[in-house]
Amino acid sequence: MTLINGKAVTAVLLIAVLLVVLYCYVSQSYRVVLSFEEKSKATVDDRSDPEAFLTRHELHLVSPDHLRYKQPSIVHGRTDVVTVTPWLAPVVWEGTFDPGLLDSIYRPKNITVAATVFAVGKYIKFLKEFLETAEKHFFVGFRVHVYVFTDRPNEEMPQVKMAADRQLTVMPVPSSNRWQEISARRMELIQMLIEKKLRDHTDYIFCLDVDSKFHGRWGTESLGGLVAVIHPGYYRDERSKFPYERRPASRAYVAHGEGDFYYCGGAFGGLLEEVHLLAKTCRQNFEADARDSIEAAWQEESHLNRYMWISKPSKVLSPEYLWQDFKPKNPEIQIIRFSGVVKNYAEIRPN
């Protein structure tokens, strides 16, 4: 009888242990599934359909039925320039994309594109032409919201008629005695704009210099996760000539023999989440440098180049997307889409 009772107790204990193990397994599995579902819902904001998220962004490109366009070729095309990076990101040049096809893919996604521009101090003089040419060339036919950061009074703001589905919002900022300080704060202000105003209703953002104007189309061909623009002043040079920050003490440091391209600080963008991470990281690194009394060679542009060397852009725009008006076109530049205007720095930079 004692033996039987002992076996019974052992059996009961084994069953109890198995039930505990089974409960832990099921509970953990449930938590994993719940965590995945919550993450998915967070990823698509409060849209519960992952397919809707894919369709909304560039991850899932769906062409309209029966759309007619020129037959693509993988053996004919641009042979005078490189059209893909070593990490397989496309480099966008004139002649490498079909604008009608791309627009027809992105238009049903109902995307919203934000643009930031800083018109501080005498740089306000460039804003009217920037806005007028943007109306003609920047994501025409799509929802666009331009955010102008300025320290100038409302009466100095140019009056520019904007098309339907295009808006302009003025963001007041304090004045500064040094243009370097204005430059330094850009990443902070972009980060805060995304966190406070854009997250619920904006898909892509491009951060552009105000002392520039559009000459040609800048549209859906530029959309991507993290988008960089090749600097027109250095794209033919060896990287030893790039004006990277070369002091190891700086968080913007890029050593000799390192780096890919030299990217513009005057034009970059991408998905909202990607640009937020870039701005936040560059801001943190800039502020850490400042605590050590270090100012990188080209302020936020130096930190941007460091960031994009490590976090590779998923799309690279050719120098067509930020040329310089005072430079003649090189043979490979078939079109100028956006360019820095000729200006007298002594007239516009604060003392």
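Because the structure is predicted, anything quoted here is derived from the model rather than measured.
Residue Phe338 comes nearest to Lys213 through the heavy atom pair CD1-O, 3.2 Å, listed as atom of the first residue, atom of the second, then distance. When all heavy atoms of Phe242 and Tyr262 are compared, the pair lying nearest together is CE1-N, 3.7 Å.
Salt-bridge formation is detected for the pair Arg251/Asp289: a Lys NZ or Arg NE/NH1/NH2 atom is positioned less than 4.0 Å from an Asp or Glu carboxylate oxygen. Here Lys122 does not pair with Asp211 in a salt bridge; the nearest charged N to carboxylate O distance is not below 4.0 Å. Ion pairing of Arg78 with Asp80 is present here, as a side-chain N (NZ or NE/NH1/NH2) and a carboxylate O approach within less than 4.0 Å. Using a cutoff of 4.0 Å between basic side-chain nitrogens and carboxylate oxygens, Glu188 and Arg185 are scored as salt-bridged. Under the 4.0 Å criterion applied to side-chain N and carboxylate O atoms, Arg199 and Glu195 are not assigned as salt-bridge partners. A salt bridge between Lys312 and Asp260 is present, with a side-chain N of the basic residue lying under 4.0 Å from a carboxylate O of the acidic one. A salt bridge is absent between Arg247 and Glu295: the closest approach of a Lys/Arg side-chain nitrogen to an acidic carboxylate oxygen does not fall below 4.0 angstrom. A salt bridge is absent between Lys161 and Glu135; no separation between the charged side-chain nitrogens and carboxylate oxygens falls under 4.0 Å.
Side chains of Asn330 and Trp323 form a contact here, defined as non-hydrogen atoms less than 4.5 Å apart.
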Should Phe261 and Trp309 be marked as a ring pair (Phe, Tyr, Trp, His ring centres under 6.0 Å) after you check the CA-CA gap, both sets of side-chain angles, and the distance that decides it? CA-CA 8 Å; Phe261 307 106; Trp309 171 52; over 10 Å; no
Given Tyr244 and Tyr253, is the ring pair (Phe, Tyr, Trp, His ring centres under 6.0 Å) satisfied, shown in steps? CA-CA 7 Å; Tyr244 290 141; Tyr253 171 63; 9.9 Å; no
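Just one residue in the list Met171, Arg283, Met187, Lys280 forms a side-chain contact (heavy atoms from CB on, under 4.5 Å) with Met192, and that residue is Arg283.
Residues Ser318 and Glu320 have side chains that bring a donor and an acceptor to within less than 3.5 angstrom of each other. Checked by atom type, the side-chain pair Thr169/His145 shows a donor-acceptor distance below 3.5 Å. Defined by atom type and a distance below 3.5 Å, a donor-acceptor pair is present between the side-chain atoms of Tyr321 and Glu221.
No donor-acceptor pair closer than 3.5 Å links the side chain of Trp93 to the backbone N or O of Ile333.
Following chains of ILVMFWY side-chain contacts shorter than 4.5 Å, one can reach Tyr123 starting from Val170, so the two form part of one hydrophobic cluster. Placement of Trp298 and Ile294 in two distinct hydrophobic clusters is found when ILVMFWY residues are connected by side-chain heavy-atom separations under 4.5 Å, directly or transitively.
Phe139 and Tyr204 have their aromatic ring centers separated by at least 6.0 angstrom.
In this structure, Asp292 places its CG atom where more than 12 heavy-atom neighbours from other residues, nucleotides or ligands lie under 6.0 Å away. Sparse packing is recorded around NZ of Lys128, with 12 or fewer heavy atoms of other residues, nucleotides or ligands lying under 6.0 Å away. Residue Lys327 places its NZ atom among more than 12 non-hydrogen atoms of other residues, nucleotides or ligands, all under 6.0 Å distant.
Geometric assessment of Arg107 against the ring of Phe142 yields a positive cation-pi assignment under the 6.0 Å and 45° thresholds.
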